[in-house]
Enquirer: 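What follows is a single structure, and I will ask about it in a moment.
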Amino acid sequence: MDYNKKKTIKDLDVANKKVLVRVDFNVPLDKQGNITDDNRITAALPTIKYLVENQAKVILFSHLSRIKSEADKQTKTLKPIAKRLEELMKQKVVFVPVTEGEELETAVNKLNSGEILLVENTRFEDVVNGEVVKRESKNDSSLGKYWAGLGDLFINDAFGTAHRAHASNVGIAANIAQSGIGFLVEAELANLSKGIDNPATPFVAILGGAKVSDKIGVIDNLLNKVDKILIGGGMAYTFFAAQGHKVGKSLLEEDKIEDAKHYLEIGKGKIILPIDSANAPSFEDVVPTFSDTSNDMPTDVMGLDIGPKTIELFKKELTGAKTVVWNGPMGVTEFKNFEKGTLEVGQTIANLDGAFTLIGGGDSAAAAKKLGLADKFSWISTGGGASLEYMEGKALPGIEAIQDK
Ligand code: ADP
Ligand code: MG
């Protein structure tokens, strides 16, 4: 994808302007409403700080989770996020508890240069008077227009929603005089482009996770770019089935066997499958048994991770790689007994010399963090779905909507 021509925050004169900024503050909260990981807030700070330093009036928009009922609005308010942002910025953040109307308009107009305002959860617009109307999520044109009317310029720094056309990204961009991308989106695009579009070779992709159906687009797009694709995780078992093997009780997508056959055929020599599997009697965290996957698997087991021989094979395949793109864990990392494949493969990638290493995909990024590998990668995308769609070669509407230089 060539997004080099998109205007960035630095191409816009922001001083004394009302700058609308779409950020991704969709952070995880515990039952008490405490933020459990503020990574997404800190990732947006460079853009917010730049705007403050350059005397913009900063008006922030974000969604938080999904809103399906009026009751959801009680627990999914951005109020605690405004407080956290205040602490991180060491400056007051005006929180406006509504998404439209006089209270919002007055607060925006009272804002001075260098001050920050956060609008309530944009997805509150998905439910109006108890009715599910999806004004935000279906990009209701009057809503994008209304929000755009509050400001002079628009910056999109929410990579996590870049693959969606919502009112708060595409809708605002379509209705405002000038727009650009923020520093986080700029970095995401630069790193994804480096990994996917202009990879140094040898280029090895590692795909895993639950389902073939989730990753077909990625396989399809990467197959003609990579030197090797290593396949692990639940999706591997559908590939074994495509080779004519029985896979016991393992995850199997019958309706994807033909697709798997097709990719094995056109990807001959490039697609590397596991040679053994770590198994349990059912979906449970118990000490594994192992089986080879060049034959039928035992009928009474479920494959939950790659086995030790595969770990060695994948380590060998990764040796000397100059670009590694990783999407999807090698096994069920939620289980202690089945995190080994992901951990070992992750460590191998992290220790590669002089390689550009990229993680896309929400669960892979979470697994890398949980296993303590996070800072050893060149880039871990903050947008699971958006990075996945980029890897599929799909256009990102949230970026497309931004003006060219
Ligand atoms: P990502 O979000 O990184 O794209 P996915 O959502 O595709 O990754 O996959 C993550 C999920 O895949 C995890 O919940 C993990 O438990 C599951 N998974 C991995 N290996 C297996 C397996 N062998 N059987 C069942 N589920 C698996
Ligand atoms: Mg996932």
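Only this structure's heavy atoms are used, side chains among them; waters, hydrogens and symmetry mates stay out. We number each residue from 1, following the sequence as shown. The structure presented is a predicted model; accordingly, all values stated were derived computationally and were not measured. All ligand and atom numbering here is 1-based and tracks the order in the structure.
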Enquirer: Check this for me, if you would: do Lys309 and Glu312 make a salt bridge, where the nitrogen-to-carboxylate-oxygen distance has to be below 4.0 angstrom?
Expert: no
Enquirer: Taking atom types as modelled and ignoring hydrogens, do the side chains of Tyr390 and Asp197 form a donor-acceptor contact shorter than 3.5 angstrom?
Expert: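 Yes - a donor-acceptor pair under 3.5 Å links their side chains.
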Enquirer: List the closest protein heavy-atom neighbour of atom 12 (O) of ligand 1: residue, atom name, distance to the nearest 0.1 Å.
Expert: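 Ranking protein heavy atoms by distance from atom 12 (O) of ligand 1, first comes Ala210 N, 3.1 Å.
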Enquirer: Compare Gly234, Pro329, Gly361 and give the one whose heavy atom is closest to atom 20 (N) of ligand 1.
Expert: Gly234
Enquirer: Any donor-acceptor pair under 3.5 Å linking the side-chain atoms of Glu186 with those of Tyr3?
Expert: no
Enquirer: Using heavy-atom distances, let me know which of Met330, Glu334, Lys215 sits nearest atom 15 (C) of ligand 1.
Expert: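 Minimum heavy-atom distance to atom 15 (C) of ligand 1 goes to Glu334.
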Enquirer: State whether the shortest distance between N or O atoms of Lys211 and N or O atoms of ligand 1 falls below 3.5 angstrom.
Expert: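 N/O-N/O distance under 3.5 Å: no.
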Enquirer: Using heavy atoms and a 4.0 Å limit, tell me yes or no: is Phe335 in contact with ligand 1?
Expert: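 Judged by the 4.0 Å heavy-atom criterion, Phe335 does not count as contacting ligand 1.
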Enquirer: Just jot down the side-chain hydrogen bond (donor to acceptor under 3.5 Å, both in side chains) partners of Lys10, sequence neighbours excluded, or say none.
Expert: none
Enquirer: Excluding waters, how many protein N/O/S atoms sit closer than 2.8 Å to the Mg ion (ligand 2)?
Expert: 1
Enquirer: Restricting to pairs with a member in residues 144-157, which pass side chain to side chain donor-acceptor pair (under 3.5 Å), not counting sequence neighbours?
Expert: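 Pairs touching residues 144-157 that pass the test: Thr47-Asp157, Glu105-Tyr146.
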Enquirer: Heavy atom under 4.0 Å from ligand 1: found in Asn327's side chain, backbone, both, or neither?
Expert: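 Within the 4.0 Å criterion, Asn327 contacts ligand 1 through side-chain atoms alone.
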Enquirer: Quickly, which of Leu313, Thr293, Leu264, Ile306 forms a side chain to side chain contact (heavy atoms under 4.5 Å, CB included) with Leu273? Name it, please.
Expert: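 Running side chain to side chain contact (heavy atoms under 4.5 Å, CB included) over Leu313, Thr293, Leu264, Ile306 with Leu273 returns exactly one hit, Leu264.
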Enquirer: When you compare ligand 1 with Asp214, is there at least one nitrogen or oxygen pair between them that comes in under 3.5 angstrom?
Expert: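 N/O-N/O distance below 3.5 Å does not exist for this pair.
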Enquirer: Answer yes or no: is there an ion pair linking Asp404 with Lys6, defined by an N-O contact shorter than 4.0 Å?
Expert: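 Lys6 and Asp404: salt-bridged.
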Enquirer: Students should be able to answer this: which protein heavy-atom is nearest to atom 26 (N) of ligand 1, and at what distance?
Expert: Val332 CG2, 3.8 Å
Enquirer: Leu304: heavy atom below 4.0 Å from ligand 1, yes or no?
Expert: yes
Enquirer: To which protein heavy atom is atom 23 (N) of ligand 1 closest, and what is the distance rounded to 0.1 Å?
Expert: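 Sorting protein heavy atoms by distance from atom 23 (N) of ligand 1 puts Gly303 O, 3.0 Å first.
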Enquirer: Considering non-hydrogen atoms of the protein only, which is the closest contact for atom 3 (O) of ligand 1, and what is the distance?
Expert: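 Its nearest protein heavy-atom neighbour is Ser364 OG, 2.3 Å.
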Enquirer: What is the closest protein heavy atom to atom 19 (C) of ligand 1, and at what distance does it sit?
Expert: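 The answer is Gly331 O, 3.2 Å.
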Enquirer: Determine whether Phe25 and Arg84 make a side-chain contact, defined as any pair of heavy atoms from C-beta on separated by less than 4.5 Å.
Expert: no
Enquirer: Is it true that Lys92 and Glu86 make a salt bridge, defined as a side-chain N closer than 4.0 Å to a carboxylate O?
Expert: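 The answer is yes: the pair qualifies as a salt bridge.
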Enquirer: Between Ser291 and Asn279, is the side chain to side chain donor-acceptor pair (under 3.5 Å) condition met? List the steps.
Expert: CA-CA 8 Å; Ser291 63; Asn279 308 324; 2.9 Å; yes
Enquirer: According to salt bridge (Lys or Arg N to Asp or Glu O under 4.0 Å), who are the partners of Asp126, at least two apart in sequence or on a separate chain?
Expert: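 In terms of salt bridge (Lys or Arg N to Asp or Glu O under 4.0 Å), with neighbours along the sequence ignored, Asp126 is linked to no residue.
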Enquirer: I'd like to check which ligand 1 atoms, numbered from 1 as shown, lie under 4.0 Å from a non-hydrogen atom of Gly233.
Expert: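 Under 4.0 Å from Gly233, ligand 1 has these atoms: 20 (N), 23 (N).
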Enquirer: Any salt bridge linking Lys261 with Glu265? Criterion: basic side-chain nitrogen under 4.0 Å from a carboxylate oxygen.
Expert: no
Enquirer: Less than 3.5 Å apart, any donor N or O on the side chain of Ser213 or Glu253 sitting next to an acceptor on the other?
Expert: yes
Enquirer: Could you tell me whether some N/O pair between Asp363 and ligand 1 is separated by less than 3.5 angstrom?
Expert: yes
